[in-house]
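Contents: one structure, followed by commentary.
Each chain gets a letter, A, B and so on, in the order its sequence line appears, and its residues count up from 1. Quick note: numbers below take in every heavy atom, side chains included, and nothing from hydrogens, waters or symmetry partners.
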Protein chains: 2
Amino acid sequence: MGKLHEPLNDQSCGLPTALEVMGERWSFMILRAAFNGLHHFEEFLGVLGIARNILSNRLARLVEHGIMKREPLPDDRRKIEYRLTEKGLDLLPAMLALRQWGEKYGVGVPSNPVLCDARDGQPIAPIGIHAHDGRPLGPKELEWRDRADLGTDDHGDLPARPALNVLR
Amino acid sequence: MGKLHEPLNDQSCGLPTALEVMGERWSFMILRAAFNGLHHFEEFLGVLGIARNILSNRLARLVEHGIMKREPLPDDRRKIEYRLTEKGLDLLPAMLALRQWGEKYGVGVPSNPVLCDARDGQPIAPIGIHAHDGRPLGPKELEWRDRADLGTDDHGDLPARPALNVLR
DNA sequence: CGGTATCCACATGGATACTG
DNA sequence: CAGTATCCATGTGGATACCG
């Protein structure tokens with residue numbers, strides 16, 4: 001395979017950065033399991049049906065990237081807990097957005113469990129794009145702008161293609 | 001490598017579905033380029049620095065999955081345009097969520113171009129989780145609930161782990 | 001329990017040449 | 001221009017045995 005562990009050739013966009021960590025399919029599944037409350041090596045092993053060496057490798061990589069932390073339990077130092085860090089928890093919106101897309105276009109089976117507002121017990125709203133005033137925005141109300149046009153100077157991301165011309 | 005093209009062993013969650021399509025790193029990068037306005041084989045080729053055969057393969061797969069469509073131009077049938085479908089466009093929130101995460105924890109360079117509200121020109125709000133009334137929710141205001149508890153019956157996703165116990 | 005260490009299968013990816 | 005066809009390198013993943 002190509003040079004998988006060289007950083008992707010793009011320094012100015014966050015997407016390649018995210019991909020470098022999440023680009024491996026098992027990392028995603030491990031994260032999902034972690035979000036659903038799994039903490040131990042053998043739990044992941046059983047639930048995911050992943051090989052030991054791969055699980056070991058992926059957990060180590062997630063820890064390296066600061067997405068999960070590894071803590072031996074005080075009572076039995078052989079027992080180890082893996083927990084999401086803040087950085088890992090911050091992946092929740094991305095995970096949910098992907099999951100919702102998969103539910104919309106996949107087999108069509110809404111999945112379980114459902115993430116709910118703890119206060120009223122109601123399911124959360126679909127992840128979407130919102131203006132700063134909170135109004136939800138459809139793809140037609142969006143446009144690309146150069147950051148420079150907003151006041152701050154910056155470098156390019158992709159060759160300037162300011163229009164979301166994907167929509168006409 | 002394992003059986004990469006067997007569906008991931010989970011029928012009731014949308015995340016594996018999404019992963020099956022987006023799990024390949026190049027697919028992500030191609031999608032990003034498409035969202036930024038690229039439409040042609042050689043454009044992708046030049047911008048992404050991907051091998052011809054891989055690009056060909058990934059484009060075909062994206063078309064297969066209904067995420068992009070391939071249309072020969074009426075004037076010159078050799079020229080082909082690749083465009084995002086509705087299904088592809090619906091990946092935008094997930095892409096943005098990942099990108100924002102990457103920007104927050106990556107090299108820290110905010111990327112270009114910036115997606116803005118076409119009406120007021122202001123950058124969109126960060127992708128986040130919202131209650132049905134629109135109020136933004138932090139991780140501590142979230143909890144997992146079984147779908148059955150909401151009225152509709154359903155099957156399991158992962159072994160029942162209703163609590164987002166990741167947060168305490 | 002939570003890993004390493006091996007060994008092996010094969011998918012992904014790069015480079016390059018060729019084609020309609 | 002938009003691909004195929006080939007060849008080859010290596011990363012990902014599975015199975016299994018072993019270890020502290």
Looking at [N], I'd like to know if its phosphate oxygens (OP1 or OP2) sit under 4.0 Å from a side-chain N or O belonging to [X].
{"X": "B:Arg52", "N": "C:dA17", "result": "no"}
{"X": "A:His40", "N": "C:dC1", "result": "no"}
{"X": "A:Ser56", "N": "C:dG2", "result": "no"}
{"X": "B:Trp26", "N": "C:dA11", "result": "no"}

request  = Go through A:Leu84 and A:Leu31 one step at a time and tell me if the side-chain contact (heavy atoms from CB on, under 4.5 Å) criterion holds.
outcome  = CA-CA 8 Å; A:Leu84 291 164; A:Leu31 260 292; 3.4 Å; yes
ask   = Just checking A:Arg70: base, sugar-phosphate only, or nothing, at a heavy-atom cut-off of under 4.0 Å?
value =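 The answer is sugar-phosphate, as A:Arg70 gets under 4.0 Å only of primed atoms, P, OP1 or OP2.
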inquiry  = Considering every strand and a 4.0 Å limit on heavy-atom distances, what is the contact class for A:Ile54: base, sugar-phosphate, or nothing?
reply    =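 Base, at least one base heavy atom under 4.0 Å.
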Rounded to whole angstroms, how far apart are [atom1] on [X] and [atom2] on [N]?
{"X": "B:Ile30", "N": "C:dT12", "atom1": "CD1", "atom2": "P", "answer": "13 Å"}
{"X": "A:Asn57", "N": "D:dA15", "atom1": "CG", "atom2": "P", "answer": "17 Å"}
{"X": "A:Glu71", "N": "C:dG3", "atom1": "CD", "atom2": "C1'", "answer": "18 Å"}
{"X": "B:Leu55", "N": "D:dA2", "atom1": "CG", "atom2": "P", "answer": "10 Å"}
{"X": "A:Leu48", "N": "C:dG2", "atom1": "CG", "atom2": "C1'", "answer": "16 Å"}
{"X": "A:Glu20", "N": "D:dG11", "atom1": "CD", "atom2": "P", "answer": "14 Å"}

Where the side chain of [X] is concerned, which of [options] is the nearest nucleotide?
{"X": "A:Arg78", "options": "C:dC1, C:dG14, C:dG3", "answer": "C:dC1"}
{"X": "A:Arg58", "options": "D:dA2, D:dT12, C:dG2", "answer": "D:dT12"}
{"X": "A:Phe41", "options": "D:dG3, C:dG2, D:dG14", "answer": "C:dG2"}
{"X": "A:Ala51", "options": "C:dG2, D:dG14, D:dA2", "answer": "D:dG14"}

Partner of A:Asp117 under side chain to side chain donor-acceptor pair (under 3.5 Å), chosen from B:Arg145, B:His130, B:Arg135, B:His132 =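 Per the side chain to side chain donor-acceptor pair (under 3.5 Å) rule, the option paired with A:Asp117 is B:Arg135, out of B:Arg145, B:His130, B:Arg135, B:His132.
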ask   = Got a donor-acceptor contact below 3.5 angstrom from the B:Glu20 side chain to the B:Thr17 backbone?
value =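 Not confirmed, B:Glu20 side chain does not pair with B:Thr17 backbone.
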task = Look only at the side chain of A:Lys87 and the backbone of A:His65, and say whether a donor-acceptor pair between them is shorter than 3.5 Å.
result =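 Yes; at least one donor-acceptor contact below 3.5 Å.
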query = Quick one: CG on A:Leu98 to CZ on A:Phe28, what's the gap to the nearest 0.5 Å?
reply =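 The CG atom of A:Leu98 sits 5.0 Å away from the CZ atom of A:Phe28.
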query = In Å and rounded to the nearest 0.5 Å, what is the CG to CZ distance from A:Leu59 to A:Phe41?
reply =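 Atom-to-atom, A:Leu59:CG and A:Phe41:CZ are 6.5 Å apart.
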query = To 10°, what angle do the rotation axes through the five end pairs on each side of the helix from C:dC1-D:dG20 to C:dG20-D:dC1 form?
reply =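 The end-segment axes of the helix from C:dC1-D:dG20 to C:dG20-D:dC1 are tilted 50° relative to each other.
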ask   = Looking at D:dT6, does its base get a donor-acceptor pair with the side chain of B:Asn53 below 3.5 Å?
value =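 Pair found.
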